[in-house]
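Below you'll find the structure, written out as structure tokens, and then a few comments.
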Protein chains: 2
Amino acid sequence: MALGKNYDGQDCSLARTLELVGERWTMLVIRDALYGVRRYGDFLAHLDIPRAVLSQRLATLVEAGVLERRRYQDNPPRDEYVPTAMGRELWLPVLALGQWGERHLSRRGTRRVFSHVECGGRIDATASCAACGAAHLPPEQVEVRPGPGLEDDRSDPVSVALREPHRLLDPLP
Amino acid sequence: MALGKNYDGQDCSLARTLELVGERWTMLVIRDALYGVRRYGDFLAHLDIPRAVLSQRLATLVEAGVLERRRYQDNPPRDEYVPTAMGRELWLPVLALGQWGERHLSRRGTRRVFSHVECGGRIDATASCAACGAAHLPPEQVEVRPGPGLEDDRSDPVSVALREPHRLLDPLP
DNA sequence: TACCACGGTTCAGTGAATGAACTAAGGTGA
DNA sequence: TCACCTTAGTTCATTCACTGAACCGTGGTA
């Protein structure tokens with residue numbers, strides 16, 4: 001979203017949520033973080049987002065407790081951004097929005113397939129496994145792989161890595 | 001969201017979805033439509049949204065097939081905006097986002113309680129009934145009522161009407 | 001005839017997004 | 001030692017969407 005991020009007078013959890021994650025690019029940053037993207041440069045390469053906007057979004061999400069900024073090496077000092085428990089719970093709305101788009105906005109086939117790591121069953125828009133019936137699966141138990149409708153010719157390393165099947169939240173190689 | 005609505009190069013259903021429903025105000029318009037708001041003036045009164053933005057959002061949503069514009073009286077000619085099947089399926093992501101906000105951004109208690117009309121059980125973020133176990137309930141089977149955390153002192157007729165328990169999609173009185 | 005309700009459109013001003021250029025800290029190779 | 005590279009930003013002029021107030025048009029109503 002953007003431009004005046006406050007929906008004053010809306011005593012509604014949805015409005016509060018959108019003030020935080022409804023700005024332009026924010027939800028895509030969160031999706032990438034759930035996919036295992038952690039470094040500034042990787043978000044940048046994969047999203048084609050203006051650097052200034054990325055910096056601002058990451059700072060906002062860290063301050064809100066959705067992402068944690070964590071030092072992963074000292075020489076030179078480098079930080080990575082990792083979803084907190086609060087951030088991991090955004091998995092459900094992110095999935096629901098994406099699945100809605102798959103159903104209604106995709107003329108080609110499925111772009112990404114989500115499956116339950118334990119049984120291999122497909123996962124639906126409520127994060128439940130069609131095969132074993134497990135409901136509301138957390139991202140740690142979900143694997144993504146490209147579907148037949150994915151038409152992704154991007155050659156940056158992040159896009160290439162995301163074309164390999166991998167478990168959600170697992171950091172990119 | 002807003003400002004340059006296209007996330008070019010993102011071959012992702014989430015990005016496609018956000019191009020449509022991720023602009024600023026759009027998701028709140030959809031929420032209101034699911035709550036039973038149908039008329040231009042009612043959206044306007046309840047959301048405090050600039051008229052020009054509301055007009056543009058309604059037009060976009062109608063063109064995309066999320067809302068249907070429907071004549072409800074001829075003298076004078078008046079139209080209303082009603083969610084299509086496609087729009088009703090946005091219930092799940094809208095609920096998931098709202099419930100995330102209830103859990104993580106609400107210091108007071110629950111603002112709105114969703115329950116299963118058939119059994120009265122509470123509904124969770126995946127639209128499943130905690131009491132009878134029915135999963136992925138459609139909005140027609142869900143009732144909203146104010147929760148203890150709702151601190152809504154708005155006095156416009158729409159806010160007043162929405163403070164009464166009512167079934168989703170049922171038009172306001 | 002005057003006025004009102006509803007559903008918009010128009011427009012000047014504001015402020016966020018964009019994208020290119022620049023900065024800074026630190027490592028690497030010759 | 002010097003030049004150069006990588007990563008992670010910041011700065012800044014430009015563009016463009018949002019804002020809010022004013023205006024418009026249609027069709028009742030008093």
Side-chain angles (χ1 to χ4, degrees), chain A residues 1-10 15 18-20 22-29 32 37-63 67 69-82 156-158 171-172, chain B residues 1-10 15 18-29 32 37-63 67 69-82 156-158 172:
Chain A
M1 211 143 298
L3 207 47
K5 26 190 132 184
N6 51 338
Y7 298 100
D8 292 336
Q10 288 297 307
L18 293 175
E19 287 178 13
L20 174 58
E23 290 181 289
R24 182 158 164 73
W25 292 110
T26 301
M27 209 95 82
L28 294 178
V29 170
D32 271 18
V37 177
R38 297 186 164 190
R39 304 217 299 252
Y40 185 89
D42 286 346
F43 286 108
L44 203 63
H46 187 234
L47 291 174
D48 281 332
I49 178 178
R51 306 175 84 90
V53 176
L54 178 60
S55 300
Q56 197 249 298
R57 294 295 185 275
L58 290 172
T60 301
L61 291 173
V62 168
E63 195 195 5
L67 298 180
R69 184 174 183 157
R70 171 197 294 173
R71 175 81 24 122
Y72 70 93
Q73 74 174 33
D74 281 313
N75 287 351
R78 292 283 182 258
D79 295 335
E80 60 185 2
Y81 299 89
V82 186
D156 62 283
V158 183
L172 300 185
Chain B
M1 211 142 299
L3 207 48
K5 25 189 136 188
N6 50 338
Y7 297 101
D8 291 336
Q10 288 297 310
L18 292 174
E19 286 179 14
L20 175 58
V21 304
E23 290 182 290
R24 181 157 164 73
W25 292 112
T26 301
M27 210 96 80
L28 295 179
V29 170
D32 270 18
V37 177
R38 299 188 164 188
R39 303 215 302 250
Y40 184 91
D42 285 346
F43 286 107
L44 204 63
H46 187 234
L47 291 174
D48 281 331
I49 179 178
R51 306 174 85 89
V53 176
L54 178 59
S55 301
Q56 197 248 299
R57 295 295 186 273
L58 290 172
T60 301
L61 291 173
V62 167
E63 195 195 4
L67 299 180
R69 183 173 184 158
R70 172 197 294 173
R71 176 78 27 119
Y72 70 93
Q73 74 175 32
D74 280 313
N75 287 352
R78 291 284 183 259
D79 296 335
E80 61 185 1
Y81 299 89
V82 186
D156 61 284
V158 183
L172 300 184

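Please read all numbers here as calculations on a predicted model, not as lab measurements.
The phosphate of C/dT9 has OP1 or OP2 within less than 4.0 Å of a side-chain N or O from B/S55. Within the 4.0 Å cut-off from OP1 or OP2 of D/dT7, not a single side-chain nitrogen or oxygen of A/Y72 is found. OP1 or OP2 of C/dT18 sits under 4.0 Å from a side-chain N or O of A/R24. Put simply, B/Y40 has no side-chain N or O that comes within less than 4.0 Å of OP1 or OP2 on C/dT9. Contact annotation: A/Q56 side-chain N/O to C/dA17 OP1/OP2 distance is under 4.0 Å.
In this structure a side-chain-to-backbone donor-acceptor pair under 3.5 Å is missing from A/T26 to A/G22.
Atom CD of B/E23 and atom C1' of D/dT19 are 15 Å apart (whole Å). Atom CZ of B/R71 and atom C1' of C/dG7 are 12 Å apart (whole Å). For the pair A/L44 CG and D/dT6 P, the interatomic distance rounds to 15 Å; values are reported in whole Å. A straight line from CD of B/E80 to C1' of C/dA5 spans 17 Å, rounded to a whole angstrom. Between the P atom of C/dA5 and the CZ atom of B/R39 lies a distance of 13 Å, rounded to the nearest Å. For the pair B/Y81 OH and C/dC6 P, the interatomic distance rounds to 15 Å; values are reported in whole Å. In this structure, the CD atom of A/E19 is 16 Å from the C1' atom of C/dA16, given to the nearest Å. One interatomic measurement links the two molecules: CG of B/L54 to P of C/dG7, which rounds to 10 Å at whole-angstrom precision.
Of the candidate nucleotides D/dC18, D/dA8, C/dA17, D/dC18 has the atom nearest to the side chain of B/W25. Each of C/dG7, D/dC18, C/dT18 was ranked by its minimum atom distance to the side chain of A/V53; first place goes to C/dT18.
For the pair A/I49/A/L44, a side-chain contact is recorded, criterion being any heavy-atom separation below 4.5 Å from C-beta on. Contact of the A/V82 side chain with the A/L67 side chain is not registered, since no non-hydrogen atoms from C-beta on lie closer than 4.5 Å. Using a 4.5 Å heavy-atom cutoff, the side chains of B/W25 and B/L54 are not in contact.
B/F43 comes within 4.0 angstrom of nothing in the nucleic acid, heavy atoms only.
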Counting primed atoms, P, OP1 and OP2 as sugar-phosphate and everything else as base, the B/S/- map of nucleotides 20-30 of chain D against protein heavy atoms under 4.0 Å is B-B----SS--

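Residues forming a side chain to side chain contact (heavy atoms under 4.5 Å, CB included) with B/P76 (at least two apart in sequence, or on another chain): B/Q73, B/R78.
Going from atom CZ of B/F43 over to atom CZ of B/R51 covers 14.0 Å, rounded to the nearest 0.5 Å.
Each of A/R39, A/R38, A/R71 was compared with A/D79 under the salt bridge (Lys or Arg N to Asp or Glu O under 4.0 Å) criterion, and only A/R71 meets it.
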